There are 2 protein chains.
Amino acid sequence: MEKAKSIKEIAQLAGVSTATVSRVINQNGRFSKETEERVRRIIRQQGYMPNMSAKGLRTSRTQVIGIIVPDITNPHFAELVLNLEMNLFQHGYSCLICNTNESEELEKKHIRSLTAQNVRGIVLISGLRNYIELSGTPVVYLDRPSHSRKERTSGVMIESDNETGGYLATKELIRAGCRQIAILKCLKNDDNQQARYKGFQRALVEEDLRENELLCMDTAAVSVKDARVAVAQLVAGTAHFDGIMSTTDTMAVGAVIGLRENGLEVPGDVLVTGFDDCQLAAACGPGLTSVHQDVPGMSRLATELLLQMIEGKQPEKTYYRLPVSLTVRRSTQREK
Amino acid sequence: MEKAKSIKEIAQLAGVSTATVSRVINQNGRFSKETEERVRRIIRQQGYMPNMSAKGLRTSRTQVIGIIVPDITNPHFAELVLNLEMNLFQHGYSCLICNTNESEELEKKHIRSLTAQNVRGIVLISGLRNYIELSGTPVVYLDRPSHSRKERTSGVMIESDNETGGYLATKELIRAGCRQIAILKCLKNDDNQQARYKGFQRALVEEDLRENELLCMDTAAVSVKDARVAVAQLVAGTAHFDGIMSTTDTMAVGAVIGLRENGLEVPGDVLVTGFDDCQLAAACGPGLTSVHQDVPGMSRLATELLLQMIEGKQPEKTYYRLPVSLTVRRSTQREK
DNA sequence: GTGAAAGCGCTAACAA
DNA sequence: TTGTTAGCGCTTTCAC
C-alpha cells in the first residue's frame, strides 16, 4: 500500500500553504473562491483523507463517539446501537462499541480506554455506575438510568416511560379478564424493570386487585431459561394465576415456553405480556402483546443532544422521558 | 476536567526521560529493574493513560479494529460482533462498528473513514465488494463471502460450511417424511444462501427427489414479512408441499407465521427448518429445527488470524471453512 | 541503561 | 486572503 498522502503534498500540488488547505477542509474561512476550488479539486483527484490521529492530537478531539452497552445481542440494545451509529455517521462520527457484559470492572476499563482515545462524546446505555471522571466529555445516559442518578452532575438522561409501560401492560391483562396476575422480573442491574413493576402495582391498585407475593417472581438473569424455570415454579406453586406480566420480551418468551412445557397454553389458559416489542415479540408463539418503545426516537434525540453538547450548548432539559405505547397481539386475546 | 497527564509529567515525577517512560510502557527493553518499578508506580499513582492520538500519529498505527457489518440487529451478526469485540478488547483493541445496511455506497464511505483513522485491521462481515484499496491493512472476511472472491488478493476468509448446513436441514426434513419440500431463500447480496440452496439440491438428488420449480421461492428481503408473503403464495399455488427449508431463521419464523395465517400448523401439516440457530429459533412457535453455526469459534479464529496478520505473519491458510451441526426441535417432529 | 532531539500530520496564533 | 511557524504527545534513532 502506498503511503497515505499528507496535507503537505496537497498544498504543494495546489500551490498554496498547508494552512490554506487546512482552512478549506475545515471551512474556517480566510480563502478565496478560486483557491477553494483548486484545493478541492486536488483533494478529490488525489483521494486525500486527513489523518485523524494527527488531527486528534492537535485538537485533542476526535470524530469518534463511544457507545457503552451491556450486551449487543439483546435485540433492544442492538436496535438502539444501529440507530445511533447510522445517525452519528451521517454527522461525521464513528462509533466505538463496548460491551460490558454487565461487568462493572469491564465498564470501568472501557471508560478509561475511551477517554485515552479522546472520544468526543459517550452514550452510556448502562446503569452500573456514575462517572464523575466523565465530566468534561459530553455524555448521554440512554435507556438505563444510573443507579445513583441523583448524584449525576453532568450529561443528560433519556429513557422511556417505563412506569407507564408497566401500567399499560397490566391494564391490558385486566381488561382481558385476568384477576390473578403474576409478575416476572429481574431487578438486578436494571432500574427500568423496577419502574415497570411500579406501573404494575399502580394498575392493580387502581382496579382494586391485591398483589400476591406468591405470584411475584424474581429471576437470576434476563434469559429465556430463567423465565422458564420461574414459570415452572409458579405452576407448581399453590397460588392460582391467569396472567403474567413480564418486564422484558425475552422473559415473556421464556414464560410462553415454560407454560407450554407445563401443559398450559397462551392465550387459552394464561395471558402474557412482554416489554420492548422487539422482533421476538411478533415472531414468538401466539404473538406477544408488548410495550413498544420508540427506539428510533430515542436514538435521534440522543444524537441531537450529544451533538449539541459537543458544540458547547447545554440542552435546556437534562432529563427526557419518552412516551411508550402498547402493541396488542394474540397473547392477550382471551379465546372464547 | 483537568487536563490529561502526559508522558512528560510522568517522566519528571519519576526523574527519568520521556524515552525511558516510553520504553517501560511498551516493554522495549533498555531499562533497569529499579527504573521500571519506579516508573510503573508513578503511572499507577497518576492514573496515566498514553494519548492514543499521539501514539497513532507517531507510529501510524492504532489499537482500533474496524468491524463492517450489514446490520447489527440481525441476531447472527450481533453475536459475531459481541464475540469479536470481547476477544479483541482482551488483546487491547477497541472496535469501530459500521453498519452498511446492505448499501454499497455506505460501505465504501465506511472503508474510507476506517483507513483515515489508521485502523489496525478490519473484519468485513459483508459481501458487497472486493477491496483492493485494503491491501496493506490486515483484513478478515468473515461469514459472508465476497461476490468476487476469486479476485481477492489479500486477507483471509472464514465462513461456515453453508452447503453442508443446507444439506443437513434438507436431509432432516426427508428423514421426517417430507417428499415435496419448498425452499425459501433470498439470494440478494448473500452467497451464503446460494450455498445453502446447493446443499438442499444435493440432498434432493441423493434421495431421488425432484426439485419443483413451483416450490422454489425467492423473497425480496430477509424478513419475517417477506417470508409470510412468500408462504401465502405457496399455499395459494397448485403445487402441494409438506416441508419448507428456509435459508435463515428469520424467514423460517415468517414461514411458521404465514402457515398459521393460512390455517396450516407446524409440525402438524408442514415441517420447517431454519438456519443460524439464533435465539429466535428456540423461542419461536413450535421450536425450530435449525442449522447451528459455531459463532464463538468463528469469532475466535477471526481474532487470532487478525492478530497474527497484524504482527506480520501471514496465516498458512487463506481460507477457513468451519463445520456446522443441526439442532433438532419440534418443527421437524412429525406428529402421530 | 539512559537521554536528547527529531518529527509524525495537523491546526491556530500571529504576521504580512 | 494567505503564509510562517510552533507545538500537540509520543516513539525512535543516535549518541553516550
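Chain naming here is simple, since letters A, B, ... match the order of the sequence lines and numbering starts at 1 in each. Just so we're clear, the structure is a prediction, and the values are computed from it rather than from any experiment.
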Q: CG/L322(B) to CZ/R300(B) distance, rounded to the nearest 0.5 angstrom?
A: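 The CZ atom of R300(B) is 9.5 Å from CG of L322(B), to the nearest 0.5 Å.
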Q: Picking from dC10(C), dT2(C), dG3(D), which would you name as closest to the side chain of V16(A)?
A: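 Among dC10(C), dT2(C), dG3(D), the one nearest the side chain of V16(A) is dG3(D).
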Q: Does V295(B) form a side chain to side chain contact (heavy atoms under 4.5 Å, CB included) with H76(B)? I'd like the steps, not just the answer.
A: CA-CA 8 Å; V295(B) 170; H76(B) 178 61; 3.7 Å; yes
Q: Would you please confirm or rule out a distance under 4.0 Å between OP1 or OP2 of dG3(C) and any side-chain N or O of S17(B)?
A: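 Yes, S17(B) has a side-chain N/O under 4.0 Å of OP1/OP2 on dG3(C).
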Q: Take atom CD1 of I7(A) and atom P of dG3(D), then tell me their distance rounded to the nearest Å.
A: 12 Å
Q: Please give, in whole Å, the distance from dG9(C) P to M52(B) CE?
A: 20 Å
Q: Tell me whether the side-chain N/O atoms of T59(A) come closer than 4.0 Å to OP1 or OP2 in dC10(C).
A: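 No.
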Q: Which whole-number value in Å describes the distance from I10(A) CD1 to dC10(C) P?
A: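 Rounded to the whole Å, the gap is 9 Å.
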Q: Measure from CZ on F31(B) to C1' on dT11(D) and round the result to the nearest Å.
A: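 So the CZ-C1' distance, F31(B) to dT11(D), works out to 14 Å.
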Q: Given atom CG of N51(A) and atom P of dC8(D), what is their separation to the nearest angstrom?
A: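 The answer, rounded to whole Å, is 18 Å.
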Q: In whole angstrom, what separates M49(A)'s CE from dC10(C)'s C1'?
A: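 M49(A) atom CE is separated from dC10(C) atom C1' by 15 Å.
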Q: From the list dT2(D), dC10(C), dG3(C), which nucleotide is the closest neighbour of the side chain of K55(A)?
A: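 Of all the options, the side chain of K55(A) is nearest to dC10(C).
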Q: Report which part of the nucleic acid S60(B) touches: base, sugar-phosphate, or nothing (heavy-atom distance under 4.0 Å, all strands).
A: nothing
Q: Any side-chain N or O of K8(B) under 4.0 Å from OP1/OP2 of dC10(D)?
A: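 Negative; the distance criterion is not met.
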Q: Could you state the atom-to-atom distance from CG of N28(B) to C1' of dG1(C) in whole Å?
A: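 Atom CG in N28(B) sits about 14 Å away from atom C1' in dG1(C).
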Q: If you draw a 6.0 Å radius around CD in E105(A), do more than 12 non-hydrogen atoms from other residues or ligands fall strictly inside?
A: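 Atom CD in E105(A) is not packed in, count stays at 12 or less.
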Q: Below the 4.0 Å mark, does dC8(C) have OP1 or OP2 next to a side-chain nitrogen or oxygen of S6(A)?
A: no
Q: Tell whether R23(B) reaches the base of dG3(C) with its side chain through a donor-acceptor pair below 3.5 angstrom.
A: yes
Q: If you assign T20(B) and L57(B) each to the DNA chain D nucleotide with the nearest heavy atom, which residue ends up on the more 5' nucleotide?
A: L57(B)
Q: Can R61(A) and E311(A) be counted as an ion pair, charged N to O under 4.0 angstrom?
A: no
Q: Looking only at side-chain atoms of R58(B), point me to the closest of dG3(C), dT2(D), dT12(D).
A: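 Closest nucleotide among those given: dT12(D).
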Q: With a 4.0 Å limit, can you tell me whether S53(A) has a side-chain N or O closer than that to the phosphate oxygens OP1/OP2 of dC10(C)?
A: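 The answer is no; no side-chain N or O of S53(A) sits under 4.0 Å from OP1 or OP2.
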Q: Return no unless some side-chain N or O of Y48(A) is found under 4.0 Å from OP1 or OP2 of dC10(C).
A: yes
Q: Got a second to check how far Q45(A)'s CD is from L13(A)'s CG, nearest 0.5 Å?
A: 8.5 Å
Q: Quickly work out the Q63(A) CD to dG9(C) P distance and round it to whole Å.
A: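 Rounding to the nearest Å, CD of Q63(A) and P of dG9(C) are 20 Å apart.
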Q: Which nucleotide wins on minimum distance to the side chain of A54(A), given the candidates dG3(C), dT11(D), dG9(C)?
A: dG9(C)
